[in-house]
Amino acid sequence: MCGIIGAVAQRNITKILLEGLLRLEYRGYDSAGLAVVDKFGNFNRFRCLGKVQKLIEATQNKNLIGFIGLAHTRWATHGIPSEVNAHPHISEYIIVVHNGMIENHEQLRKELISCGYFFSSETDTEVIAHLLHLKQKQHGGSLLEIVLQTIPQINGSFGIVVMDRRNPTILVAVRIGNPLVIGCGVGENFVASDQLALLSIANSFIHLEEGDVAEISCDKINIFNVMGNIVNRNEIKSHIHYDITSKGNYNHYMQKEIYEQPTAIENTLRGRCKNKEIDLEELGVNIKFLKKIRHIQIIACGTSYNSGLVSRYWFESLANIPCDVEIASEFRYRKFQVRKNSLLVALSQSGETADTLAALRLSKKFNFIGSLAICNVLHSSIVRESDLYLTTKSGIEIGVASTKTFSTQLTVLLMLVIKLGSLNGMNLEVQHNIIKAIQTLPYRIEQVLAKDKMIEEIAKDFFNKNHALFIGRGDHYPIAMEGALKLKEISYIHAEAYAAGELKHGPLALIDDKMPVIVIAPNNELLRKLKCNIEEIRTRGGLLYIFTDQNTDFKDTYNMKIIQLPYVENITAPIFYTIPLQLLSYYVAIIKCRNIDQPRNLAKSVTVE
Ligand code: GLU
């Protein structure tokens, strides 16, 4: 994961680097560092364990001047989070920041040690610095040349930015497996893991493509492929404004993002629901192609995987299209059979998820009818490398735990289901009813958000809990999975989800009066069955929290709390029931004093395998 930012300018870029780093902190936050060189070649490096704020404090009053520099916020893969392992890494005059993993680092380390190199860190990254230095010593050549010569020796994934402090006018950036974007300024240029870091200083961007090597100076950007041949890349204007400090009236980004869901869904629907019809013209394909689709293969990770699982129920029951959903990291290493006329759907919030991207690339060698990305970031790798794409219009999501990108992913998936269903003879009335339900969803979510005080109250019960079970049935089983995932990621309570019918095959053994069981119980055709499972838990003294519709007949009793929620249509209920579970995790995490927006050991954009 990790966040990288580099700058070359004719002014002091120290503050730009630090501010950019703050915006990249969602990518990793175990340690941070920066290295700057002024125009006389004076060099300074600062690194520290912990968050970017600590680095900011450590560099304050140091009067740092840099006209060129690199900065990094780390999510450790090799070597514990510590000051010595923090980036940038240095080999005499070569300075490197890296996002990714070097798979042959052990072998390279041995070879470099035998050449006399001393390693000051445990990271895989340090081998890159020494290798470049060795190349320079052996053969000379420009920074670009030594980078191009070194790339074939390194296996793995590496977004790197490199500088040579003896020539403080050039940055070289490589994108192999990890994203990098160049921000183009006037008489100054920047490079970062995400354009978010550069929004206040540049408004036109070049997204490096896989295998690109860029040579960046104040007034020139040259881009090459790994063979050293020049390639052309488009400069794209962006008008996004971003103010990192604006949580509005909210205490956390996650809280803000939970409350933004009605608007995020409205934005996602805009222009796509027309005259009682779903219009996905933006796909740019003719109806004939969509009609041919006979199978959907979804690949995703984490929260996106859960949204894929919900959509499987929809694709099969409403559009009559068989659908499989698989975790991308499993899919990519499995010998799979491609079904006839199968569309590969890659779900990702960031569009940079390493496993999903790798699975998407792999799928190109197989006989899929095409690939479709559903993603929140328009210029991301997954969007660019898919044949078709549909974006969720959530706006930037900063909290590490996904919330609004989950509900908008489901919104897009449901629109796709209706579109494909309509081509497969879905009854018109059914279509209209679903469209009406999606259009009312923002309003329904506002109503459920208004219940937050009730959920805050329930959260207090979890103060002393170390475990929790979530259960659901049908399309609410994946919602139970999402609820459990949210609770564990931000409150660190061990939480598991089960299909309610599975309880007696094992998990019932866990039930006692200390084990909270959260039941997702909408008023649908499976409620009768679910009630039997609830009884099984009650009989064994379990502690029940039932999230249900106001019209069901559950009664608050000893060891059974009923959380009555407003009415929602069955079809959109999975999206709707996610909201109180997000709020529950949020309030539990508050009570437990967790770092809500940056939970331990996690990062938002998972760009390593
Ligand atoms: N592998 C490098 C390290 O552990 C970079 C990690 C990252 O991409 O976050 O320092």
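When a ligand or atom number is given, it counts from 1 through the structure's own listing order.
For ligand 1, the atoms sitting less than 4.0 Å from at least one non-hydrogen atom of W75 are 6 (C), 7 (C), 9 (O), numbered in the order shown with element in parentheses. Listed by number with element, the atoms of ligand 1 under 4.0 Å from a non-hydrogen atom of C2 are 7 (C), 8 (O), 9 (O).
Remark: E19 does not engage R23 in a salt bridge, criterion side-chain N to carboxylate O under 4.0 Å.
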Side-chain donor/acceptor pairs under 3.5 Å, residues 3-16, sequence neighbours excluded:
unit_1	atom_1	unit_2	atom_2	d
R11	NE	E188	OE1	2.8
R11	NH2	E188	OE1	3.4
R11	NH2	E188	OE2	2.7
N12	OD1	T14	N	3.1
N12	OD1	T14	OG1	2.7
N12	OD1	G66	N	2.9
N12	ND2	L64	O	2.9
T14	OG1	L64	O	3.3

Compile the donor-acceptor pairs under 3.5 Å between side chains in residues 34-46 and protein atoms, sequence neighbours left out, one pair per line.
unit_1	atom_1	unit_2	atom_2	d
D38	OD1	F40	N	2.9
D38	OD1	G41	N	3.1
D38	OD1	N42	N	2.9
D38	OD2	N42	ND2	3.0
R45	NH1	P88	O	2.9

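Ring orientation note: the planes of H87 and H72 are close to parallel, at an angle under 30° on the 30°/60° scale.
When non-hydrogen atoms are compared, ligand 1 lies under 4.0 Å from the side chain of D124 (C-beta onward) but not from its backbone. The proximity of R74 to ligand 1, defined as any non-hydrogen pair under 4.0 Å, is limited to the side chain. By the criterion of a heavy-atom distance under 4.0 Å, the side chain of T125, and not its backbone, is placed next to ligand 1.
At a 3.5 angstrom cut-off on N or O pairs, H87 counts as close to ligand 1. For ligand 1, one of its N or O atoms has an N or O atom of G100 under 3.5 Å away. The shortest N or O to N or O distance between H78 and ligand 1 is under 3.5 Å.
At a cut-off of 3.5 Å, with distance as the only test, a side-chain donor of E122 or N85 sits close to an acceptor on the other residue.
Taking the six-membered ring where the residue is Trp, the centroids of H379 and F205 are separated by 6.0 Å or more.
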